[in-house]
Participant: 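Sharing a structure here in structure tokens format.
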Amino acid sequence: MTAMISLQTAEIDPNVVKPGWVALLIVLALGAATFLLWRSMAKQLKRIDVDPDGADDPAPSADPANPAGSPSPDGAAAPTTSDSKDLTKTPSDHSQQ
């Protein structure tokens, strides 16, 4: 316990405490890794094929658009019964009949 107290109260001599070689090697390694990652990212960004004119247009399809054959967004099949007219009614409309 007294050793811990003496370490806390002891002054640090700037002539004795100096940055080490290990810290320098770590900083250099981090700098090299950052440079290599930056260079790799630049190469990957150059590979991206961007069409500035058609960026907002949907991708072209070889098949013509067919709304009857496309599935619904939730993955369920479209209703094929004669009750399809009632789909526009809300549940409160069904209870009033």
Side-chain angles (χ1 to χ4, degrees):
M1 184 90 175
T2 59
M4 188 187 293
I5 294 172
S6 66
L7 287 176
Q8 291 176 351
T9 59
E11 292 184 22
I12 298 174
D13 185 13
N15 296 325
V16 176
V17 179
K18 297 179 182 178
W21 289 103
V22 176
L24 175 65
L25 293 176
I26 291 172
V27 169
L28 291 176
L30 288 172
T34 302
F35 174 75
L36 292 174
L37 285 171
W38 174 74
R39 201 171 85 185
S40 174
M41 181 188 66
K43 284 182 184 179
Q44 294 296 324
L45 288 175
K46 287 180 184 177
R47 290 183 185 178
I48 296 175
D49 184 26
V50 179
D51 183 18
D53 296 334
D56 294 336
D57 297 336
S61 175
D63 299 330
N66 186 2
S70 62
S72 63
D74 60 355
T80 57
T81 62
S82 62
D83 294 337
S84 62
K85 293 183 259 180
D86 295 333
L87 289 177
T88 59
K89 293 182 181 180
T90 62
S92 62
D93 292 339
H94 287 288
S95 63
Q96 291 175 357
Q97 289 180 353

Participant: How about Leu36: does its CG atom have over 12 heavy atoms from other parts shown lying under 6.0 Å from it?
Facilitator: yes

Participant: Would Leu25 and Leu30 show up in the same hydrophobic cluster when neighbours are defined by side-chain heavy atoms closer than 4.5 Å?
Facilitator: no

Participant: Asn15: what forms a side-chain contact (heavy atoms from CB on, under 4.5 Å) with it, not counting sequence neighbours?
Facilitator: Asp13

Participant: Would you say Leu45 and Ile48 make side-chain contact, with heavy atoms under 4.5 Å?
Facilitator: yes

